[in-house]
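Below is one structure, written out as structure tokens, with a few remarks after it.
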Amino acid sequence: MLDIKWIRNNQDQVKEAAKRKGMTCPLEELLEVEEKKRQMQHRVDLLRAERNRATAQIATLMAEKNRAEADKLKDQVRSWNVSLAADEEELAHYEERFKVLMLAVPNLASPDTPEGATDQDNVVVKIVREPTSFFFEPRDHLQIGEDLDILDISRGVKVAGTRNYYLKGMGLYLHRAVQQLAIDLLTDRGFTVMDVPLMVREETLVNAAFFPAGKDQTYELQDENKWLAGTSEGPLVSYYANEIVDLSEGAVQLAAVSNCFRKEAGSAGRDVRGLYRVHQFAKVEQVIICRNDPETANLMLEQITRNAEDILDLLELPYRIVAVCAGDMGAKNYKQYDIETWMPSRNAYGETHSSSSLLDFQARRSGLRYRDQNGELHYCYTLNNTAVATPRILIPLLENHQQADGSIYLPAALRPYMRGLQAITAK
């Protein structure tokens, strides 16, 4: 969230940010409720002070055996308590409404974020490798998976419903291999790698700014106030929630490999074939917590994006980077890059990675602070990136590396995790 004082003093910027992102922002109601909350807080504080003074005076009167005056004051305190209870109830109403409205205010978009409404308006900033060409009729990843007996969609649907799958044999190995490749690369670059909770409290997803807007995409565990995480970003950010983070030796670099669960609500009819849009998948996620310096945050955004690029380079895949336009960017993001990998069966690039800088938007929700050299407290900045997500990354891996004989070439970087195989072949 943004700071309410900043919001009050920069209303035009808040309105402009919401307009750029194509979102509604209850700014007027927020400021009205905030003013009423402040007025009611002042009234409650005064009444509490009066009551406390009277209570202390009653004790003095009782000690002086002035029972009559003490009884008068007791009657007054009882009357104040009735009024105070009503005022506190009204204050609680304004406080709760204020919290709800604050969560509806989007983050700003960086000045260099492209204008636009959808992913069609994203701007290509880099292309690496030309799209793969074939001298034979290429197959899509579904046909490849069935021919090599490493993927079974039909039984996944039979067991778990649409958008589910089985990975078999070398399909599972490939799924695990890309994760371990990413983990090893991030470990070598100073990241602390974690296994994180997947069933999290609602506040964890509020802290990470996935809620309230993302509830329709998230699976709830009924009667437990728990949710299945759609990415390890939430658990990683909340690892230091409401703590003072030590940034004296530089940014905190966290990474996690986890299963992820998403409803894909609103995507009916979109990407229903294959592994592109599924309910259960795995991700290796990067999260950076750094000091609140825009230049540092920008360098960190380039760094985590470079990490993802290096993984794609090791996988020998063609890809491009796009600057995400304001209208395609989430409410929480300040600046965002997507990496799209070439998928022959789509005859197009498909999103496989995303890098985001949030400034202090997440940190304010999560209570992430640090001390500067003078000992003063500040909110941190946070960033995140998908190092690799699978099985989606299996689409370009299988399709770009297919050979005329039906086998799948394995890049050298994957072979140590694939029992030394140089190719996946039919049994």
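Here, residue 1 is the first one in the sequence, and each next residue gets the next number. Because only heavy atoms are used, hydrogens play no part in the values below, and waters and symmetry mates are left out as well, while side chains stay in.
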For Q362 and Y381, run side chain to side chain contact (heavy atoms under 4.5 Å, CB included): C-alpha distance rounded to whole Å, both residues' side-chain angles, the deciding distance at 0.1 Å, then the answer.
CA-CA 8 Å; Q362 267 180 340; Y381 280 2; over 6 Å; no
How about [X] and [Y]: do any of their side-chain heavy atoms sit closer than 4.5 Å?
{"X": "L377", "Y": "I244", "value": "yes"}
{"X": "F134", "Y": "Q402", "value": "yes"}
{"X": "Q11", "Y": "L27", "value": "yes"}
{"X": "V128", "Y": "L312", "value": "no"}
{"X": "V33", "Y": "R97", "value": "yes"}
{"X": "V193", "Y": "L254", "value": "no"}
{"X": "T382", "Y": "L368", "value": "yes"}
{"X": "M40", "Y": "E88", "value": "no"}

Could you tell me whether [X] and [Y] make a salt bridge, using a distance below 4.0 angstrom between a side-chain N and a carboxylate O?
{"X": "K36", "Y": "E90", "answer": "no"}
{"X": "D246", "Y": "R371", "answer": "no"}
{"X": "R189", "Y": "D310", "answer": "yes"}
{"X": "E243", "Y": "R369", "answer": "no"}
{"X": "R291", "Y": "D372", "answer": "no"}
{"X": "E220", "Y": "K215", "answer": "no"}
{"X": "R38", "Y": "E35", "answer": "yes"}
{"X": "R139", "Y": "D147", "answer": "yes"}
{"X": "R320", "Y": "D338", "answer": "no"}

Criterion side-chain hydrogen bond (donor to acceptor under 3.5 Å, both in side chains) on Y379 and D3, from CA distance to verdict
CA-CA 11 Å; Y379 284 105; D3 176 60; over 6 Å; no
To the nearest 0.5 angstrom, please state how far the SG atom of C260 sits from the CG atom of L228.
10.5 Å
Atom pair CD (Q286) and CG (N384), whose distance is rounded to the nearest 0.5 Å
9.0 Å
For side-chain hydrogen bond (donor to acceptor under 3.5 Å, both in side chains), just list the numbers for T425 and S407, CA-CA rounded to whole Å, side-chain angles, deciding distance to a tenth of an Å, and then say yes or no.
CA-CA 5 Å; T425 59; S407 66; over 6 Å; no
Work out which heavy atom in [X] is nearest to a heavy atom in [Y]; give both atom names and the distance.
{"X": "Y417", "Y": "A177", "value": "CB-CB, 3.6 Å"}
{"X": "S345", "Y": "D140", "value": "CB-CB, 3.5 Å"}
{"X": "L301", "Y": "S357", "value": "CD1-N, 4.0 Å"}
{"X": "F361", "Y": "A209", "value": "CE2-CB, 4.0 Å"}

Are there more than 12 heavy atoms of other residues, nucleotides or ligands under 6.0 Å from atom [atom1] of [X]?
{"X": "R346", "atom1": "CZ", "value": "yes"}
{"X": "Y239", "atom1": "OH", "value": "no"}
{"X": "R306", "atom1": "CZ", "value": "yes"}
{"X": "D188", "atom1": "CG", "value": "yes"}

Residue pair H175, L172: steps toward the side chain to side chain contact (heavy atoms under 4.5 Å, CB included) verdict
CA-CA 5 Å; H175 172 73; L172 171 65; 4.2 Å; yes
Evaluation steps, side chain to side chain contact (heavy atoms under 4.5 Å, CB included), between Y166 and L151
CA-CA 6 Å; Y166 280 90; L151 171 65; over 6 Å; no
Distance-only side-chain donor-acceptor flag, [X] / [Y], under 3.5 Å:
{"X": "S354", "Y": "Q336", "result": "yes"}
{"X": "N298", "Y": "E302", "result": "no"}
{"X": "N292", "Y": "Y370", "result": "yes"}
{"X": "S232", "Y": "E285", "result": "no"}
{"X": "D216", "Y": "T218", "result": "no"}
{"X": "T231", "Y": "K283", "result": "yes"}
{"X": "R51", "Y": "N81", "result": "yes"}
{"X": "S355", "Y": "N385", "result": "yes"}

Among N122, N333, T118, which residue satisfies the side chain to side chain donor-acceptor pair (under 3.5 Å) criterion with D328?
N122
Per the side chain to side chain donor-acceptor pair (under 3.5 Å) rule, which among E340, E309, R129, K126 passes with Y319?
E309
Do K37's NZ or CZ and the ring of F98 fall within the cation-pi criteria of under 6.0 Å and 45°?
yes
Checking R262 against Y219: charged group under 6.0 Å from the ring centre and within 45 degrees of the axis?
no
Matching residue for [X] among [options] - test: side chain to side chain contact (heavy atoms under 4.5 Å, CB included):
{"X": "I150", "options": "L398, L174, I408, L167", "value": "L398"}
{"X": "P391", "options": "I393, L394, I395", "value": "L394"}
{"X": "L383", "options": "T305, V287, I288", "value": "I288"}

Taking the ring centre of each residue, are F261 and H279 less than 6.0 Å apart?
no
Can you confirm whether or not the ring centre of W227 sits under 6.0 Å from the ring centre of F211?
yes
Test side chain to side chain contact (heavy atoms under 4.5 Å, CB included) on I424 and L410; report intermediate values, then the result.
CA-CA 7 Å; I424 301 175; L410 290 175; 4.0 Å; yes
Go through Y94 and Q39 one step at a time and tell me if the side-chain hydrogen bond (donor to acceptor under 3.5 Å, both in side chains) criterion holds.
CA-CA 10 Å; Y94 285 128; Q39 291 175 357; over 6 Å; no
Any chance you could lay out the side-chain hydrogen bond (donor to acceptor under 3.5 Å, both in side chains) test for S154 and D152, step after step, and finish with the verdict?
CA-CA 6 Å; S154 61; D152 195 326; 3.1 Å; yes
Is a side-chain N or O of T204 found less than 3.5 angstrom from the main chain of V200, in a donor-acceptor match?
no
Result of checking R20, K21, K19 against E115 for salt bridge (Lys or Arg N to Asp or Glu O under 4.0 Å):
R20
